[in-house]
Number of protein chains: 2
Amino acid sequence: MSPSASPAEAKQSLNAGDWARAALDALAAGGIDAVAVEPLARQLGVTKGSFYWHFANREALLRAALELWEKRETEDVLARIGDESDPYERIVKIFKEANAGYRAGRLYLAIAAAEDKPLVREFVQRVSERRMDYLVECYQALGFDRPRARHWARFAYATFMGNLQIRRDTPDLMPTGAPFNEYLKLMIKTLIPREGVDKSADHPHVVSMRRAGSP
Amino acid sequence: MSPSASPAEAKQSLNAGDWARAALDALAAGGIDAVAVEPLARQLGVTKGSFYWHFANREALLRAALELWEKRETEDVLARIGDESDPYERIVKIFKEANAGYRAGRLYLAIAAAEDKPLVREFVQRVSERRMDYLVECYQALGFDRPRARHWARFAYATFMGNLQIRRDTPDLMPTGAPFNEYLKLMIKTLIPREGVDKSADHPHVVSMRRAGSP
DNA sequence: CAGGGTCAGTACGCCCCCGTATGGTCTGCC
DNA sequence: GGCAGACCATACGGGGGCGTACTGACCCTG
């Protein structure tokens with residue numbers, strides 16, 4: 001009788017967090033419209049009666065899911081590459097993360113697709129700005145002045161996002177295996193100007209500092 | 001009495017094309033779910049009775065709208081920059097088009113967001129592949145061999161798409177005026193390697209040909 | 001043991017959309 | 001004038017989602 005089948009003695013009572021997690025999963029899988037009370041209730045093995053005890057309405061659930069997303073997005077990402085001191089390697093790591101961890105990217109695209117909802121816009125904007133800020137800092141640490149760092153950061157961020165889009169919509173256009181690594185190397189080499197390149201005014205006024213740590 | 005208010009004596013009778021155009025507009029404005037029979041009928045000032053005369057069902061309308069999109073996407077775009085012989089200038093034109101004409105990009109994002117529908121995937125894939133093929137040809141014309149051209153084309157295409165996404169989701173992160181032109185110049189200079197750059201194996205084995213026409 | 005808080009089931013009304021059936025109104029053509 | 005076909009309105013049944021009201025079971029605590 002007990003709703004088992006879950007590891008660790010399967011809690012038999014749901015809380016708001018369970019609903020929020022389920023909502024976020026549904027969001028990733030089917031977009032904003034998939035965050036619906038009754039389907040989620042069915043999926044969780046309960047009825048609406050439960051839901052409306054934990055949340056005031058559908059909107060509240062959506063907000064909870066988005067808060068969960070924002071939390072994960074900032075905590076996780078920054079935690080996974082926060083211990084890297086070399087700004088060059090930081091950007092490289094971000095790039096590789098962004099191109100490997102496909103799930104997080106899918107989630108972003110699913111959420112951002114509902115840009116007409118003000119609530120969603122709010123969260124998307126915060127997350128995006130935080131990501132961009134981080135990138136800008138990386139490029140500044142590489143020796144760029146603020147305006148140039150912003151341009152390069154935006155450039156790199158746009159390329160991340162576009163790769164996500166390509167991967168989702170037309171995976172055939174995205175190489176795998178060795179060619180993919182070539183592709184990745186090309187993007188990294190192009191998007192993170194190294195110290196040697198100073199023949200152009202668009203490149204950093206950097207002297208040394210780079211490519212010394214982490215052999 | 002006649003439903004006027006339109007230029008040129010306002011047709012009083014709808015046809016399938018009118019429905020398809022309206023559907024595409026709705027698609028651009030509100031995503032795939034906005035392509036609904038009854039709302040569109042209301043908007044067009046008629047009832048469902050009209051719709052189900054022209055189309056078998058909602059699916060058929062969606063297909064018609066997507067065909068319209070594909071047609072516009074390939075005809076228009078290639079027509080607007082087809083008379084440019086210089087491959088460098090072709091890419092530049094594409095870039096500027098992509099960053100100026102925001103509407104077409106919005107449409108792509110709205111359509112691609114419904115990537116779970118097989119029908120949509122089909123069209124998105126065709127359109128994307130055609131765009132990529134065109135870019136690959138441009139890069140090949142610049143002197144790249146096929147694999148490298150594919151990498152650069154994908155790179156550039158990803159950057160297009162990402163810029164679209166940024167523009168839609170976080171317009172504040174996209175500069176305007178002079179800074180935008182700087183940004184554009186940076187991307188163009190970076191994404192279209194010029195003849196002078198040959199210190200790297202990733203750059204074209206090109207000798208001259210470039211930057212002679214159009215002073 | 002009584003009572004209150006927690007969580008869930010049932011049932012209802014509402015809205016909005018799909019698709020069908022059927023009938024009505026124009027238009028042009030014979 | 002009458003017929004056929006193009007175009008549209010009305011009405012209906014079905015489905016699914018939202019939100020509310022009420023009831024019920026299970027703790028836990030006084």
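Predicted model only: the values in this text are computed from it and were never measured. Reminder, nothing fancy here: chain letters follow the sequence lines and each chain counts from 1. Hydrogens, waters and symmetry mates play no part in the numbers below; they use all other heavy atoms, side chains included.
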Rounded to whole Å, the CG-P distance (B:Asp33 to C:dC18) equals 10 Å

Rounded to whole Å, the CG-C1' distance (A:Leu44 to C:dC7) equals 14 Å

Salt-bridge contact A:Arg106-B:Glu115 (side-chain N to carboxylate O under 4.0 Å)
yes

Hits for side-chain contact (heavy atoms from CB on, under 4.5 Å) against B:Ala28, two or more places apart or cross-chain, chain-then-number order -> B:Leu107

Between A:Thr159 and B:Thr159, does any side-chain donor sit less than 3.5 Å from a side-chain acceptor? yes

Should the pair B:Arg148-B:Asp145 be classified as a salt bridge under the 4.0 Å nitrogen-to-oxygen rule? yes

Cationic N near anionic O, under 4.0 Å, B:Glu122 to B:Arg126
yes

Note: contacts of residues 50-59 of chain A with DNA chain D (heavy atom, under 4.0 Å) are A:Tyr52, A:Asn57, A:Arg58

Annotated structure of DNA chain D as dot-bracket, pair cut-off 3.5 Å, Watson-Crick or G-U only, | for inter-strand, is ||||||||||||||||||||||||||||||

Of the candidates D:dC8, D:dG17, C:dG9, the side chain of B:Leu14 sits closest to D:dC8

Whole-Å distance, A:Lys48 NZ to C:dC14 P, equals 14 Å

Would you say the side chains of B:Tyr183 and B:Asn163 form a donor-acceptor pair under 3.5 Å?
yes

| said: Between A:Phe123 and A:Trp69 (judged by ring centroids, cut-off 6.0 Å), do the two rings come close enough to count as a pair? | reply: no

A:Leu61 CG to D:dG19 P, in whole Å, measures 10 Å

Taking C:dA11, C:dC18, D:dC8 as options, the one with an atom nearest any side-chain atom of B:Val46 is D:dC8

Ranking D:dC18, D:dC8, C:dC17 by distance to the side chain of B:Pro39, first place goes to C:dC17

- Can we say A:Glu38 and A:Lys48 salt-bridge, meaning some charged N sits less than 4.0 Å from an Asp/Glu carboxylate O? yes

Quiz item: Does D:dG17 have OP1 or OP2 sitting under 4.0 Å from an N or O in the side chain of A:Arg42?
Solution: yes

_Pair A:Glu73 + A:Arg130, salt bridge at N-O below 4.0 Å_ = no

Sorted by position of nearest nucleotide on DNA chain C, 5' first, the leading residue of B:Gly49 and A:Trp19 is A:Trp19

Against the side chain of B:Glu38, the closest entry in D:dG19, C:dC18, D:dA9 is C:dC18

